[in-house]
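The structure appears below as structure tokens.
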Amino acid sequence: MKRVLTPEMIEEKRQDVFNILVDPTSSHEQRVTYLARAAENFLTVLDEPEGLDELLRCDIDTRCICNLFEGDAPYRPRYICIDFEKFLREGSAFLQLGPAKDFSEALTNLMIMYHNIPSITNYPVYIGDLDVLLDPYITDLSDEEVRKALRLWMTTIDRTILDSFCHANIGPKATRLGYLLMEVEGELENAVPNLTMRVAKDTPDDFVLAGVKCSLKSAKPSFANDEMFRGELGDDYCIASCYNGLYKGGGSYTLSRLILSNIAKRAKNIEDFKTRELPYVMDIMARYMDERIRFLVEDSGWFESSFLATEGFVQREKFSAMYGLVGLAECVNLLLEKEGCTERFGHSDRANQLGVEIMDIINDFNNNHYNKYCEATGGHFLLHAQVGIESDHDCSPGTRIPIGEEPDELVDHLNVINLFHKYFPSGTGDIFPMDLTVHKNPQYVLDIIRGGLGMDIRYLSFYGSDSDVIRVTGYLVKRSEMEKLDAGQNVRQNTTGLGLGASKNCKILDRRVR
Amino acid sequence: MTAEQVALLPGAGGPPRATVNKIIPFSCVDGPGNRTAVFLQGCNFDCRYCHNPETIQTCVHCGACVPYCKPGALSIMAGRVQYDIKKCVLCDECFHHCPHGSSPRTREMTPAQVMDEVRRNLPFIRGVTVSGGECTRWRDFLVGFLTLAKAEGLGTLLDSNGSHDFSADSELIAVTDGVMLDVKAWTPEDHVRVTGWDNALVRKNLRWLAEQHKLPEVRTVIVPELFDCEQTVRNVCEVLWETGNLNTRYKIICYRPMGVREVYKGLKSPEQAELQRLAGIARGYGLTDVVII
Ligand code: SF4
Ligand code: SF4
């Protein structure tokens, strides 16, 4: 069913446009991005499932489906993860660049490419496996030459890619470039790019430790369970945006999320939730995503016109879509309350078990839903534990234990997350602020990472409890920049505003320090 | 009560037991990496600056602390104080009111019982550290517990004040990867002033453990008005240098009055510059891992 815009709705949209124009806390680039989205939202091209409006375009306390600011006429994939190896090897006709012959050409070519990748944020959400891409070019250079170049180049990224959803990967093999990058990133303490170190059993401890030391200063890299991702997605996976496992040379068409805490409000009891309300909402969201994907692939023309597709840096067949969710903890707590039980998610076997049962239902649903454009992932979407947005309240990211309710002992916390990480090939993760500086014991974090790899733990992030760069939910911000924005000044990065909202609504500064 | 006495308690036959003050599942401050730290009750030294004076004495079950426990975690049964860990909110009221320098928050445990609690922390830990109090007062328990830990592939470290003759205890040393040793002062006079005890054995242990390369860490708490700190640091460093242990971590610990008993609260904390100076002296001997805490 295509929507019809009433004159009142159009007037409201005009007002939105005006508000964007005059918002003193947005920079020029941010305004342009929001204006483009506002324009898109004047269109009614999607044939939406019946019942969607009531779940999606409604009051925040009853909203059960959220499209995460994707517009109403998808004209490019949400996340685009290009094949940078091919690009450095072959160059690009559209960009009038030949193959990169040395280190400075490689750095320059990559930077040019970054500025030509769209994605939902208008910035690249994946900027390559930097160690694999760049290590071959530094054989003849000294450590200091490489450090100097990386310092400048990483600073350029931070100052020109104005969004922390931009993500670089390193590992699981140790390389000289990887070590130098960890040193430089530890020094720079920049929020951009986000960074993941993929860790496998044979990744040397010393390399992981270099990552840990960097993360205690600059809140990155995060650590991904390489074997787990490889087992699900094969060797060609990358980590993009917050922590999303996707295909290199592909990406994700779209991402919507179930707001489980609000779906629970609709249910009479656990049984009603499991058999009626949840399946009802899941079905509508899946069909909504199907329609978004159909429009993007069949009508938008992106895959026929973008040089990224026509030159083979991405292939339509390597895209999938992300079926997201948030608020499992609050959902479980509310359902138990409805049954007269006061046990809490993260603290009782009964509550955790209910969480697992709900995840099994969602997982089964997804495995039985077929989308012909998701052939890369068996015709199914990939589940995604969405990290939340700044306007969320009483709704924790993905399957996380609410901030302020973390178990006293870290081991108990890890045992809970171990139940849930396995469901999410396209991303989930937990975050731990660490107070380790005085004891100089980064091996402590290494042991926790190694322990997680042997279990079903997919993705862990750490930051020093006293550092300026902190991890909000999936992305990074600087405390100092949030303070500026809070004082009414505009700041460089889009995500600073998201971080400020999250620090007010989601208590991110109150996480239990380990 | 000594370990031997505890072993004679009713129903205590069989495996050796220890009085466990607490078990910290993940610790980042009790040796390298992530370790489960087990704190045993009771210490033979009586350091003036002790930060955990409630671990020094053994509980005599007088019951004086029981009324101070609001959540009802304490009770008296058959003349012995009982502690219910599930009800405890860790308010510390009990031991602050103990007239005997002890704590009721302890449990008598066998090596196997402690190991059961450690096991749930696998695979996140690389080892266990037994601390105190002075853990070597529970020597038989230690041998039993560390043997079990080794069988799980865990590393084993002890925290000790050096009052146990390790060189004469091959059974214990065989299951101990290393001892983190407190060197509280160098001359016997100073040592007596700080701890009430002579230190001939501590000095013997320092050298012997260093020679065995079973000395991952040495600590000295710096209290300038109490003993000659520079002399202590220099002598420790000399032993480490002579025995080829330059990678042993040396923790120069700043004395702070937190937790210290009222009577000794008058002691002054050292200046940061003094700590830096001592650390500089240690590094001057070639030590590679000197940490100020
Ligand atoms: S802890 Fe102290 S006050 Fe309590 S019973 Fe034991 S000796 Fe008495
Ligand atoms: S710390 Fe002591 S007084 Fe406080 S609840 Fe626990 S046992 Fe009771």
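Computation of the quantities below employed the complete heavy-atom set of this structure, encompassing side-chain atoms and omitting hydrogens, waters and symmetry-equivalent molecules. Quick note on labels: first sequence line is chain A, next is B, and so on, each numbered from 1.
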Q.
Less than 6.0 angstrom from the centroid, inside 45 degrees of the normal: does A:Arg198 satisfy that with respect to the ring of A:Tyr237?
A. yes
Q: Report the C-alpha separation of A:Tyr459 and A:Phe223 in whole Å, then their side-chain angles, then the decisive distance to 0.1 Å, and conclude whether the ring-ring contact (aromatic ring centres under 6.0 Å, His included) test is met.
A: CA-CA 6 Å; A:Tyr459 196 85; A:Phe223 302 88; 8.7 Å; no
Q.
Whether A:Arg458 engages the ring of A:Phe229 as a cation-pi pair (distance to the six-membered ring centre under 6.0 angstrom, angle to the ring normal within 45°) should be assessed.
A. yes
Q: Identify which part of B:Arg120 has an atom lying under 4.5 Å from any heavy atom of chain A, answering side chain, backbone, both or neither.
A: both
**Q.** Proximity of A:Phe345 and A:Phe420 rings by center, below 6.0 Å
**A.** yes
Q) What part of A:Ile448 is in contact with chain B, defined as an atom under 4.5 angstrom from a non-hydrogen atom: side chain, backbone, both or neither? A) both
**Q.** Which portion of A:Ile457 sits near chain B, non-hydrogen atoms under 4.5 angstrom
**A.** side chain
